[in-house]
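Notes to accompany the following structure.
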Amino acid sequence: MASPKPRSFKGTRDFTPREMIPREKIIDSMKRVFRLYGFSPLETPALEMLSVLTGKYGEEGEKLLYKLDYKNDDFMNRVALRYDLTVPLARVIASHPEWPMPFKRYQVQPVWRADKPQTRQGRFREFYQCDIDTVGAPEGLADAEILALTVTMLDDLGFKDGDKRAIVQLNHRKVLEGICVYAGHPREDLAGFCRVLDKLDKIGREGVVSDLIDMGINDEGIDRVDSLLKLSGMYGSLSSTPADEKIDHVLAILDNNQAATEGLEGIRSILQSLKELGTDLSRINFNPVLARGLDYYTGAVFESTLPGQPHIGSLTGGGRYDKLIGLYGGGDKPAVGTTIGLDRMFAAMEQLGMVDTEAATVTRVLIAAWSADQMSACLQAVRVFREAGVPAEVFPTTGKLKKPFSHADKLNIPYVAVIGPDEAGNPDGLHVSLKDLSQGTQETLQVANAAEKVSSTNRSAPSS
RNA sequence: GUCCGAGUAGUUCAGUUGGUUAGAACGCCUGACUGUGGCUCAGGAGGUCGUGGGUUCAAAUCCCAUCUCGGACCCCA
């Protein structure tokens, strides 16, 4: 019987050590920032009751749910893989009404979506999201903190300058509602209207205008929307206009629309808090036509993209969802948060050459015995390295030293420590011959001194 | 869900109007090197040409089907 070729499910990947090492580094640095802002860790199950997930993501999102087809046909007991981390959070909050508010959590776990994967665009069927949310705080500071954290995070990871510069875009659902009414489009189809506006960066101003005409919006409405498209910041002279000034522009255009006015005031207060938090406001672009797809947003919406890498979708995305938690009973609780797309950021970093994939192992010293007689000396030595905090391992076979050296070279292990009769039998105690593979230099010294030397030299910085 | 393109060694690919035993580079293994990697040199292993059918004296090559992968939409992280 021929065994079938092993392969992984489409849209899922294995992460090799070469990828996991930089990946864990990124996650660690993100978690550190989350904690600095007062967010605490939370995890939820991969499986959710189907009824918890349905009706939250809109028609498009719903199609992407992985529903589990197992023996139970009873709808009430059916199960699906989680689609995001926001809805599970809402469920957790709704089932713990006694928790003190505000509640701030971060969560780093995979989610699953049944759409067509496209690697270059950083889209997969299984991918990691890093969510931060604040529940139980009104619009303002909480929203600003999420944005401040997002900017800090992106800068930390290197998405700061030139073609690597990420831009955070900010808008408010109520502004969109105002624009929809102003264009003369029925409010019931706000979602459809938003979808067209949202395509601005992909199909351009002419594309949006022609789509709006197809929707049945008249000439006057088109002119009105067009005057706002110019303020998107996606192109043209107004792209560098300060947000305050743009808010005034939009306010002047939509001044007798109550929803828009409220939305603009919301944006203004978020920007004020951001300023006081010390965030560089030039990283934030107020874009009155930014829409975003998910149905549950009610207030501010935001996302960050790489204008230099348009094929990669948004790196982060989030917003305020004041009505979602109330759907599970117990009354509404306001909430705001963002998702940081780890895999998409990683894909972008790989394509931009920002990832160091040199190291295939975490081991820093490989210990090799000249002959079987020195094996026990090797075990003694590896213990010394480990106690000094140096990741070390013993090459398991003896024979030609070419093998352990070649192995170390292939995995980019920086040091090899050889123990032969001379080192093991040194009257001053156990010695090793420590070779620095990148320099090609070697010296024989006490094990403890070798461990000291290795732990004091940092791994060389990644070449750019 | 819609529209394109591609499947040949572990990887990236070449392979003429259909014609002997299907090639290269890199990688891998062995040796030159019985206390030492990278560089060099010599040798070696590795392929049912995605799968199934058809045309033909003859198919990696032409035709059909199918599967898989990649890209562009839609949507999103």
Side-chain angles (χ1 to χ4, degrees), chain A residues 2 4-5 7-11 57-65 82-86 108-131 150 166 191-192 194-196 198-199 202-203 207 211 291-295 297 301-306 310-319 337-348 366 368-371 373-374 395 398-424 432-442 444:
Chain A
K5 267 190 181 171
R7 59 187 176 89
S8 52
F9 182 57
K10 185 176 176 151
Y57 304 114
E59 208 177 312
E60 288 298 319
E62 192 107 4
K63 285 190 229 159
L64 302 180
L65 284 176
R82 67 168 164 248
Y83 175 93
D84 69 358
L85 302 179
T86 307
V108 179
Q109 288 190 276
V111 302
W112 294 269
R113 294 186 190 177
D115 65 354
K116 186 178 173 179
Q118 293 198 211
T119 312
R120 198 174 91 93
Q121 298 177 3
R123 42 189 312 174
F124 308 96
R125 286 181 175 165
E126 177 185 70
F127 59 98
Y128 272 75
Q129 292 195 326
C130 312
D131 270 37
T150 302
C194 288
R195 214 170 297 131
V196 173
D198 202 40
K199 286 196 279 184
K202 289 230 172 84
I203 62 178
D211 276 17
R292 295 196 49 77
L294 293 177
D295 274 10
Y297 293 125
V301 289
F302 30 79
E303 72 177 30
S304 60
T305 49
L306 288 169
H311 60 274
I312 294 182
S314 48
L315 256 34
T316 75
T338 195
T339 295
I340 296 167
L342 177 64
D343 295 279
R344 200 161 274 188
M345 286 200 306
F346 200 74
L366 182 65
W370 156 236
S371 76
D373 292 340
Q374 287 84 44
F395 197 76
T398 57
K400 295 192 177 187
L401 285 174
K402 183 188 175 89
K403 280 199 164 191
F405 272 90
S406 169
H407 186 250
D409 187 56
K410 279 184 277 202
L411 298 186
N412 262 293
I413 297 173
Y415 293 94
V416 174
V418 176
I419 300 180
D422 296 346
E423 290 84 356
V432 296
S433 289
L434 185 71
K435 183 160 185 178
D436 178 335
L437 292 201
S438 63
Q439 301 298 316
T441 55
Q442 178 170 321
T444 302

Note to self: Taking U11(B) as the reference, what is the distance to U56(B) when you measure between their P atoms (whole Å, please)?
What the structure shows: 36 Å
Under 3.5 Å between N/O atoms: give me all the protein pairs with nucleotides 33-37 of chain B, atom names plus distance.
residue : atom : partner   : partner atom : Å
G35(B)  : O6   : Asp422(A) : OD2          : 2.9
G35(B)  : N1   : Glu423(A) : OE1          : 3.0
G35(B)  : N1   : Glu423(A) : OE2          : 3.0
G35(B)  : N2   : Glu423(A) : OE2          : 2.9
U36(B)  : O2   : Lys435(A) : NZ           : 3.1
U36(B)  : O2   : Gln442(A) : OE1          : 3.3
U36(B)  : N3   : Gln442(A) : OE1          : 2.6
U36(B)  : N3   : Gln442(A) : NE2          : 3.4
U36(B)  : O4   : Gln442(A) : NE2          : 2.6
G37(B)  : O2'  : Asp409(A) : OD2          : 3.3
G37(B)  : N7   : Lys435(A) : NZ           : 3.3
G37(B)  : N1   : Leu437(A) : O            : 2.4
G37(B)  : N2   : Asp409(A) : OD1          : 3.3
G37(B)  : N2   : Leu437(A) : O            : 2.9

Notebook entry, point to check: Paired stems touching RNA chain B, three or more consecutive Watson-Crick or G-U pairs with both distances under 3.5 Å?
Noted result: B:1-7 with B:67-73, B:10-13 with B:23-26, B:28-32 with B:40-44, B:50-54 with B:62-66
Notebook entry, point to check: Is the closest side-chain heavy-atom distance between Leu65(A) and Tyr57(A) below 4.5 Å?
Noted result: yes
Check: At what distance, to the nearest 0.5 angstrom, does CZ of Phe405(A) lie from CD1 of Ile413(A)?
Finding: 11.5 Å
Notebook entry, point to check: C75(B) base to Arg123(A) side chain: any donor-acceptor pair below 3.5 Å?
Noted result: yes
Check: What nucleic acid atoms does Gly313(A) come within less than 4.0 Å of, heavy atoms only: base, sugar-phosphate, or nothing?
Finding: base
Notebook entry, point to check: With sequence neighbours excluded, what pairs up with Thr398(A) under the side-chain contact (heavy atoms from CB on, under 4.5 Å) test?
Noted result: Ala369(A), Ala372(A), Met375(A)
Margin query: Rounded to the nearest 0.5 Å, what separates atom CD in Gln129(A) from atom CZ in Arg344(A)?
Written below: 10.0 Å
Next item on the list: Classify the nucleic acid contact of Ser371(A) as base, sugar-phosphate or nothing, counting any heavy atom under 4.0 Å across all strands shown.
Entry: nothing
Notebook entry, point to check: Base, sugar-phosphate, or nothing: which does Leu342(A) touch, judged by heavy atoms less than 4.0 Å apart?
Noted result: nothing
Next item on the list: Not counting sequence neighbours, which residues clear side-chain contact (heavy atoms from CB on, under 4.5 Å) with Asp436(A)? List them please.
Entry: Tyr415(A), Ser438(A), Gln439(A), Thr441(A)
Checklist line | Rounded distance (nearest 0.5 Å) linking atom NZ of Lys435(A) with atom CG of Leu401(A) | finding: 10.5 Å
Notebook entry, point to check: At what distance, to the nearest 0.5 angstrom, does CG of Leu366(A) lie from NE2 of His407(A)?
Noted result: 7.0 Å
Note to self: If I pick the P atom on U55(B) and the same atom on G15(B), what distance separates them, to the nearest angstrom?
What the structure shows: 29 Å
Item checked: Lys116(A) NZ - C3(B) P separation (whole Å) -> 11 Å
Notebook entry, point to check: Can you list every pair that meets salt bridge (Lys or Arg N to Asp or Glu O under 4.0 Å) and has a residue in residues 117-127 of chain A, with sequence neighbours left out?
Noted result: Asp115(A)-Arg123(A)
Between protein and nucleotides 40-46 of chain B, what N or O pairs are separated by less than 3.5 Å?
none

Next item on the list: Quick one: label Tyr128(A) by what it contacts on the DNA or RNA (base, sugar-phosphate, nothing), any heavy atom closer than 4.0 Å.
Entry: nothing
Notebook entry, point to check: Phosphate oxygens OP1/OP2 of C74(B): is one of them under 4.0 Å from a side-chain N or O of Gln118(A)?
Noted result: no
